[in-house]
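Below: one structure, written as structure tokens.
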Amino acid sequence: MLPRVVVLAGGVGGSKFSLGVRAALTRRADAEAAASAITIVVNTGDDLWLSGVRLQPDVDSIVYALAGVNDTERGWGRAGDSERVNHELQEWGAGWPWFTLGDLDLGTHLARTGWLRDGLTPTEVIGRMEQRWPLGARLLPMTDAEVDTVVTVSDAGAERPLHFQEWWTRYRASLTPVRFENPGIAAAAPAPGVLDAIAGADVVLIAPSNPVVSIGPILAVPGIRDALRAAPGTVVGVSPIIGGRIVRGMADVCLAAIGVETSSAAVAGHYGARTADGLLDAWVMAEEDAAAAGDVDRLGIRSVVAPLWMRDTGASAALVEAALGAAGR
Ligand code: FO1
């Protein structure tokens, strides 16, 4: 019997992990059964309006990865894309000079923006995308509301707010973040199907995405944290830290901003044990961090040591099997 799996995921790490979930379950059953057993709830805090189109970077990272059309070098955008329109936008002084919109990628943003203007919700837009590229999993945004992440940075002593994407792509997270917020998220609702998926899950997997700017916004959508704490299934987190270091991106800068040490055990403590007002029943950590397994157990979170490097889909699937094993599935 296939376990019903819900994944909470961000962009790049979330994409590799989602490929692993699909691969692991299609080893156990046919693709159709696996597809109906997997729900991926994706972060939309990275989203932005640019040059008149709506971008949903983490949604697109997972869609492109599951469709097999993603640029695996850059970790975002379409494989083999070109930048003819982007060059024109730069010549017009439109958009952000530091932010590249590929031609094929723009096709996605134009289609999405048109559908949104026709009245479709972001959830329905993903449904339309799946008509072209069946993803082998159900993909849901965390919410249909616009709740872009705003990073307040301290720059030469003054605090100023930046859209997450400017902080990350223009400044490469070099400006010290003071706090991360998602304006409007208190009034947002989980996208249709999110709470039911969590309530019906045998296992909830928290992907090894950035705990602050990728998983954080998902947990900040009213109702999601409570649904996870009440979930009848097992909640298993996967460490985004290997050997005391982040795998990529700027999670260490983000963790420092919220006072969490960049270590596997500290991130487990940040998510917390379900038996102590937190979320986790188990925590999958790298062999390189196995010395801290006792610390995790003492938090009330069952530690599981497994290889965490997602070098290819086979490695990602093995990691997912370890996480499912932690849930007895
Ligand atoms: N990341 C960059 O570092 N530079 C870019 O120019 C850039 C453009 C871009 C366009 C569409 C898209 O969906 C993602 C894009 N990203 C870019 C990645 C984006 O910043 C992601 O949100 C982060 O990688 C975090 O997931």
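Each ligand, and each atom within it, is numbered from 1 in the order the structure gives.
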Self-check item: R170 to W167, cation-pi by 6.0 Å centre distance and 45° axis angle
Solution: no
Quiz item: What pairs meet the side chain to side chain donor-acceptor pair (under 3.5 Å) rule with one or both residues in residues 319-329, with sequence neighbours excluded?
Solution: R28-E321, D202-R329
Quiz item: With the threshold set at 4.0 Å, does a side-chain nitrogen-carboxylate oxygen contact exist between D295 and R298?
Solution: yes
Practice problem: Taking atom CZ of R245 as the centre, report whether more than 12 heavy atoms of other residues, nucleotides or ligands fall under 6.0 Å from it. | Solution: no
Self-check item: Distance-only polar pair, side chains of T234 and D281, donor-acceptor under 3.5 Å
Solution: no
Self-check item: R74 NZ/CZ over W76 ring centroid, <6.0 Å and within 45° of normal
Solution: yes
Inventory of protein N or O atoms under 3.5 Å from ligand 1 N or O:
| unit_1 | atom_1 | unit_2 | atom_2 | d |
| --- | --- | --- | --- | --- |
| ligand 1 | 1 (N) | W76 | NE1 | 3.4 |
| ligand 1 | 3 (O) | R172 | NH1 | 2.8 |
| ligand 1 | 3 (O) | R172 | NH2 | 3.3 |
| ligand 1 | 6 (O) | T100 | N | 2.9 |
| ligand 1 | 20 (O) | Q165 | OE1 | 2.6 |
| ligand 1 | 22 (O) | D46 | OD2 | 2.9 |
| ligand 1 | 22 (O) | Q165 | NE2 | 2.8 |
| ligand 1 | 24 (O) | W168 | NE1 | 3.4 |
| ligand 1 | 26 (O) | D46 | OD2 | 3.1 |
| ligand 1 | 26 (O) | D58 | OD1 | 3.2 |

